[in-house]
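Numbered from 1 within each chain, the chains take letters A, B, ... in sequence-line order.
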Amino acid sequence: MEEFLFTFFNIEVMRAASPILLQGLWMTLLLILAAVPLGLAGGVVLAVLSVFRHPMIRWPLIAWVDFFRAFPPLVLLVFIYAGLPFAGIEIGAFGCVAIGFFLNTSSYYGEILRAGIESIPRGQVEAARSTGLSATQTMGYVILPQAVRNVLPDLVSNTLEVVKLTSIASVVALPELLFQARQAQSVTYNPSPIVAAAIVYFLMLWPVVRLLSRLEHKAVARR
Amino acid sequence: MTDWDRFVFTFFNWKVMAEYLPKIVEGFILTVELALLIVVSGLALGLALAVIRSFGIRPLNWLIVFVVDLFRALPPLVIIVLIYFGLPSLGPAPSGFVSTWISLTLVLAAFAEEIVWGGILAVPKGQWEAARSTGLGFTATLTHVVLPQALRICIPPLTNRTIAITKGTALGSVVAVAEILSVASGAVAFSSNPSPLTLGAIAYLILFIPVVAFGRWVETRFAWKR
């Protein structure tokens, strides 16, 4: 037991590692602040485009969304990070992560919002248009607000996944929480910093997970 | 060399691709094996946890809820890294393959438990009461009446979640599992040409585009008629 505590919950090691873990946490928060709004904005664009039934829009859109949903995000990230320099483009680790996350998460958000838009009865559009709202106003003021409300649990759930996904940025040496924890672990030969990072992730995301189980059970019960 | 030639030489270099194709195929097979193992063990464990939870043993349920929350909140890569780099300091040193398998199994089990439990809750109480009043025991009611209905509700979300988590097999590359991504990045370093990565990307698309299309089909097939 003592050995277990010494190995995984070594307070001294954790305290020594805390400054660089804190730096990592800031980087993680920065990544979240970049990835979530970018992904949401891209998702709204994809979802709104899906309203157009024209095959020239519909099929490329489905192909685009399925392509980036089929691609494991880590593969996408490594591809961008390792491939772009060969094409003569240098944008640094943060830029690569931002692009990779944008392509991946906007496809997921787009699918969710599309389902939300499709859940709004056609009569809503007709009613809004007949009161004199333009197509854009109908989408922005009538359809989207209701669509977002209908798929809120899925949006929250996807945001949770995006936040968890930021940990893969460690693979391209972006100094976020997991990367810093591994640095600390390799210096101290003790896995406590990784345990500390796991605790930070857990404390940050547990309330979201609790909220989600409530929302989901409520949604199922309503059917 | 024109720009186009340079682009093809860089990203679609047939010579380099042909050289590393056999290795990528090996990685492909390993990825499929790992994914299947994760799907089978994760879904089985998740279903088992949901069934245990329905027996309503208080302290046990608290434990299940906590463990499920834990593995829903932790990023899979953190769990993999923790098992792979952490456990050896205690004694047993699991290989990268085993670490990835265990980690993603736990993550999938947590999500599956939550989804199946939601499905069990969604079966109306009258179904329980009717079944019990015809003389079925608790276990018989659960397995013959409630679970079949619950699982039907669960299929679309369960399919999507399973697909999302099996894509996590790529995370194994971080702990030296010789799956597609790690083989491909190794080959890039070796040949100083990113074409193997293109090949790896194509391998992932061959693997997952049918799976994503299947998920789409399941979603419409089992959709609730409103």
Side-chain angles (χ1 to χ4, degrees), chain A residues 3-4 7-8 62 65-67 69-76 78-79 82-88 108 115 119 160-161 163-168 170-171 177-178 181-182 185-186 189-192 194-195 197-198 201-210 212-213 216-217 219-221 223, chain B residues 6-7 10-11 65 68-70 72-79 81-82 85-90 114-115 117-119 121-122 153 157 163-164 166-171 173-174 180-181 184-185 188-189 192-194 197-198 200-201 204-205 207-213 215-216 219 224 226:
Chain A
E3 197 193 333
F4 178 81
T7 309
F8 289 103
I62 289 184
V65 168
D66 275 3
F67 183 86
R69 289 204 314 165
F71 231 60
L74 182 60
V75 180
L76 187 62
V78 169
F79 194 80
L84 281 188
F86 283 101
Y108 278 93
S119 74
L160 173 72
E161 292 307 310
V163 172
K164 283 157 61 179
L165 201 61
T166 56
S167 62
I168 68 169
S170 62
V171 176
L177 188 52
L178 179 60
R182 287 200 48 198
Q185 178 245 351
S186 61
Y189 296 107
N190 182 302
S192 297
I194 302 178
V195 174
Y201 277 114
F202 182 63
L203 291 181
M204 190 160 69
L205 297 176
W206 198 19
V208 187
V209 171
R210 280 282 90 228
L212 258 178
S213 338
E216 278 161 6
H217 289 170
V220 172
R223 281 170 170 166
Chain B
R6 187 154 45 231
F7 176 79
T10 310
F11 289 100
V65 171
V68 165
D69 278 4
L70 182 68
R72 284 180 64 178
L74 287 182
L77 186 56
V78 173
I79 305 169
V81 165
L82 195 57
F85 293 102
L87 278 192
S89 346
L90 264 192
E114 192 64 21
I115 292 170
W117 175 245
L121 285 186
I153 305 174
I163 295 170
T166 39
K167 280 195 296 183
T169 48
L171 299 176
S173 62
V174 175
I180 303 172
L181 180 60
S185 359
V188 171
S192 55
N193 180 298
L197 260 182
T198 313
Y204 273 108
L205 289 179
L207 186 56
F208 281 112
I209 286 219
V211 180
V212 169
R216 231 178 229 283
E219 223 164 45
W224 279 77
R226 287 177 198 263

### Task
Could you give me the CA-CA distance, side-chain angles and deciding distance for B:Lys167 and B:Val211, then say whether side chain to side chain contact (heavy atoms under 4.5 Å, CB included) is met?
CA-CA 10 Å; B:Lys167 280 195 296 183; B:Val211 180; over 6 Å; no
### Query
So which of B:Leu181, B:Leu171, B:Val174 actually passes side-chain contact (heavy atoms from CB on, under 4.5 Å) with A:Val171?
B:Val174
### Task
Can you tell which part of A:Leu160 gets under 4.5 Å to a heavy atom of chain B, answering side chain, backbone, both or neither?
side chain
### Query
Who wins among B:Leu70, B:Val188, B:Ile209 for the most heavy-atom pairs under 4.5 Å with chain A?
B:Leu70
#### Entry: Options A:Ser192, A:Gly83, A:Pro72, A:Pro191, ranked by heavy-atom pairs under 4.5 Å with chain B, top entry
A:Pro72
### Query
Below 4.0 angstrom, N of the basic side chain to O of the carboxylate: do A:Arg69 and A:Asp66 qualify?
yes
### Task
Step by step, work out the side chain to side chain contact (heavy atoms under 4.5 Å, CB included) result for A:Leu74 and B:Ser173.
CA-CA 9 Å; A:Leu74 182 60; B:Ser173 62; 3.7 Å; yes
### Query
Do you know which of B:Thr198, B:Thr166, B:Ile163 has the most heavy-atom pairs under 4.5 Å to chain A?
B:Thr198
### Summary
If one checks every heavy atom of A:Ser170 against chain B at 4.5 Å, the contacting part turns out to be side chain
### Task
Let me know if B:Val78 has heavy atoms under 4.5 Å from chain A in its side chain, its backbone, both or neither.
both
### Query
Once you round to the nearest 0.5 Å, how far does CZ of B:Arg72 lie from NZ of A:Lys164?
8.0 Å
### Query
Is it true that a side-chain atom of A:Ser213 and a backbone atom of A:Val209 form a donor plus acceptor pair closer than 3.5 Å?
yes
### Query
So which of A:Phe86, A:Phe8, A:Tyr201 has the biggest tally of heavy-atom pairs under 4.5 Å with chain B?
A:Phe86
### Part of A:Phe79 within contact of chain B (heavy atom distance under 4.5 Å)
both
### Query
With only heavy atoms counted, which part of A:Val78 is less than 4.5 Å from chain B, the side chain, the backbone, both or neither?
both
### Message
Given heavy-atom pairs under 4.5 angstrom as the criterion, report whether the side chain, backbone, both or neither of A:Phe67 touches chain B.
### Response
both
### Query
For the candidates B:Leu74, B:Asp69, B:Val68, which exhibits the highest count of non-hydrogen atom pairs separated by less than 4.5 Å from chain A?
B:Asp69
#### Entry: Proximal component of A:Leu178, with respect to chain B [non-hydrogen, under 4.5 Å]
side chain
### Query
Which answer fits B:Leu207, side chain, backbone, both or neither, if we ask what part of it has an atom under 4.5 Å from a heavy atom of chain A?
neither
### Task
Name the region of A:Ala198, side chain, backbone, both or neither, that has any atom closer than 4.5 Å to a heavy atom of chain B.
both
### Under 4.5 Å from a heavy atom of chain B, the part of A:Val195 involved
both
### Summary
All heavy atoms of A:Leu205 vs all of B:Ala73, minimum pair found to be CD1-O, 3.1 Å
